[in-house]
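Worksheet: one structure, shown below.
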2 protein chains.
Amino acid sequence: MPKNESAARGARTRGDRTRSERSIDVHDAALTLFAERGYHGTSMKDIAAALHLRAPSLYNHVSAKQEILRDVMVETMNDLLKVVRSAMAGTDDTVLKLRRAAEAHVRYHARHPREVRIGNHEIPALEEPHRSAITKLRREYSRMFVALIERGVEEGVFTTRSPLLSAYAILQMGIGVSMWYRPDGPLSEDEIVFHYGDTALGVVGGVSGRAGAPATEGAKRPPKRAVGSKK
Amino acid sequence: MPKNESAARGARTRGDRTRSERSIDVHDAALTLFAERGYHGTSMKDIAAALHLRAPSLYNHVSAKQEILRDVMVETMNDLLKVVRSAMAGTDDTVLKLRRAAEAHVRYHARHPREVRIGNHEIPALEEPHRSAITKLRREYSRMFVALIERGVEEGVFTTRSPLLSAYAILQMGIGVSMWYRPDGPLSEDEIVFHYGDTALGVVGGVSGRAGAPATEGAKRPPKRAVGSKK
DNA sequence: GTTACGAACTAACAGTCGTTCGTATGGCGT
DNA sequence: ACGCCATACGAACGACTGTTAGTTCGTAAC
């Protein structure tokens, strides 16, 4: 799961909030398979096989297949919300806020492709009441972008005639990254993040060309050349 | 299926290329269910129930579940390619070509949401060798946009430093439409198409603001007000 | 009125699904 | 050396999967 890359290893003292070490492995294997084949296209036998186990053994670590999906989707959505919110919190300038939000959004999709693919594709596979909870979180997330763009329009720094359409375009841009980005591909994570940070401002029709300094997170600005290799 | 909205009803003279009337119903019911719940999340019993039938009766009209998926995906991708190609063919101006291609792309996704949702989500559910064929068609499709943007950069009418990233952003924009657009929603198809036609030019960094006349297809240009209702 | 046929049905197939149960095993604390 | 306990296992569960076979029904053609 996205959170707790450093911690989350030891400490099983409280058996509820934290997951056991082996349970993390199960979730991780499921994450890969759900992302590749979909929830209904993956069997408990498949997940077990990835860990060199038999299906019944999984039930020593998780209580149900549906629980794995719920954990992944809820935690991912909360994590994404937190990350983008904190990226925006660093400044009061609306243009810069949008740039940083878009960058954080894109970076998250590049770093957690499995989680967001499941989040975007497996909503119908998630049973109630959790599906409604997820849908609400997703509306909250997109609403955050829409509101920010509306503010920019009122301030006169954005010129888009539909903040809603602009927000959706920016969000989709990031989702796309999770579908094709590979760390060993021709484009680096930073190149994509920077380019799409620029593009986001182009989508809302920023003043003239581009504006707003890049975020502090990530590497330094690349030199002003063409990005990535041609083939 | 997307093609033959006028024809395709009668004419069963050749039993191969054309589908029987009832077979079209089965494909249509499956189209809705596959789009809503996914291929593996839909059973033949579900499809039959939508037609007030029992599962075995479906085999009077289709030969297998997998065949339905194959038909949908192959025909949709070919149709999309054809539509966008012909939209681009009307002009030699690169800027206008991109605007028309983007508009056609978006319009298709607004008009055929079920087909393209399946096309984008169910690739892993499609068995070989058809999956490879689809993947090839999809590469051809995106390659078309990339090449067009590269040409614009060479001509100096686009300023993007990565035609690949710009193309993906534009394509994703359209895919997004298929996920949220509803004909009875606050935004009309034409409003979305026009706005995203503009946005596409913003993504590639067109000369200053916006350029290129809108496509001839669809309704007249709307007056220059804010688009859609606020809530 | 008989034949022919498309299309629907029930019954049944072999296989897989997620999950439960009872048991075996192996390492660790005492 | 003992027992504990987490963990893995095989067997089995009822439900469901896609699909086939055999049969019945209603209608149209002759």
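In what follows, chains are A, B, ... by sequence order, proteins preceding strands, each numbered from 1.
One finds a side-chain N or O of B:R54 lying less than 4.0 angstrom from the OP1 or OP2 phosphate oxygen of C:dT10. Side-chain N/O atoms of A:S57 include one lying less than 4.0 angstrom from OP1 or OP2 on D:dC9. Not one side-chain nitrogen or oxygen of B:H52 sits closer than 4.0 Å to the OP1 or OP2 atom of C:dA8.
For the salt bridge (charged side-chain N to carboxylate O under 4.0 Å, His left out) test, no residue two or more places apart in sequence or in another chain qualifies with B:R117. Partners of A:S86 by side chain to side chain contact (heavy atoms under 4.5 Å, CB included), not counting sequence neighbours: none found. Annotation: side chain to side chain contact (heavy atoms under 4.5 Å, CB included) contacts of B:R85 (sequence neighbours excluded): B:L81, B:E140, B:M144.
Within the 4.5 Å cutoff, no side-chain heavy atoms of B:V83 are placed close to those of B:R107.
In this structure, A:N60 places its CG atom 14 Å from C1' of D:dG10, rounding to the nearest Å. The distance between atom CG of A:L58 and atom P of C:dC17, rounded to the nearest whole Å, is 13 Å. Note: CG (B:L53) to P (C:dG6) measures 17 Å, nearest angstrom. Taking atom CD1 of B:I24 as the reference point, atom P of C:dA7 lies 13 Å away to the nearest angstrom.
Annotation: cation-pi geometry not satisfied between B:K136 and B:Y141 (NZ/CZ under 6.0 angstrom from ring centroid, within 45° of ring axis). Cation-pi geometry between B:K65 and B:Y39 is satisfied (NZ or CZ under 6.0 Å from the ring centre, within 45° of the ring normal).
Remark: side-chain polar atoms of A:R131 are paired, donor with acceptor, to backbone N or O of A:L126 under 3.5 angstrom.
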Quick one: which protein N/O atoms are closer than 3.5 Å to N/O atoms of nucleotides 18-21 of chain C? Pair and distance per line, please.
unit_1, atom_1, unit_2, atom_2, d
C:dG18, OP1, A:T42, O, 3.4
C:dG18, OP1, A:K65, NZ, 2.8
C:dG18, OP2, A:M44, N, 2.9
C:dT19, OP2, A:Y59, OH, 2.5
C:dT19, OP2, A:K65, N, 2.9
C:dT19, O5', A:Y59, OH, 3.1

Contacts under 3.5 Å, N or O only, protein and nucleotides 22-28 of chain C:
none

Could you go through residues 169-183 of chain A and list every donor-acceptor pair under 3.5 Å that involves a side-chain atom there, pairing it with any protein atom two or more places apart or in another chain?
unit_1, atom_1, unit_2, atom_2, d
A:Q172, NE2, B:Q172, O, 3.4
A:S178, OG, A:I175, O, 2.6
A:W180, NE1, A:G176, O, 3.1

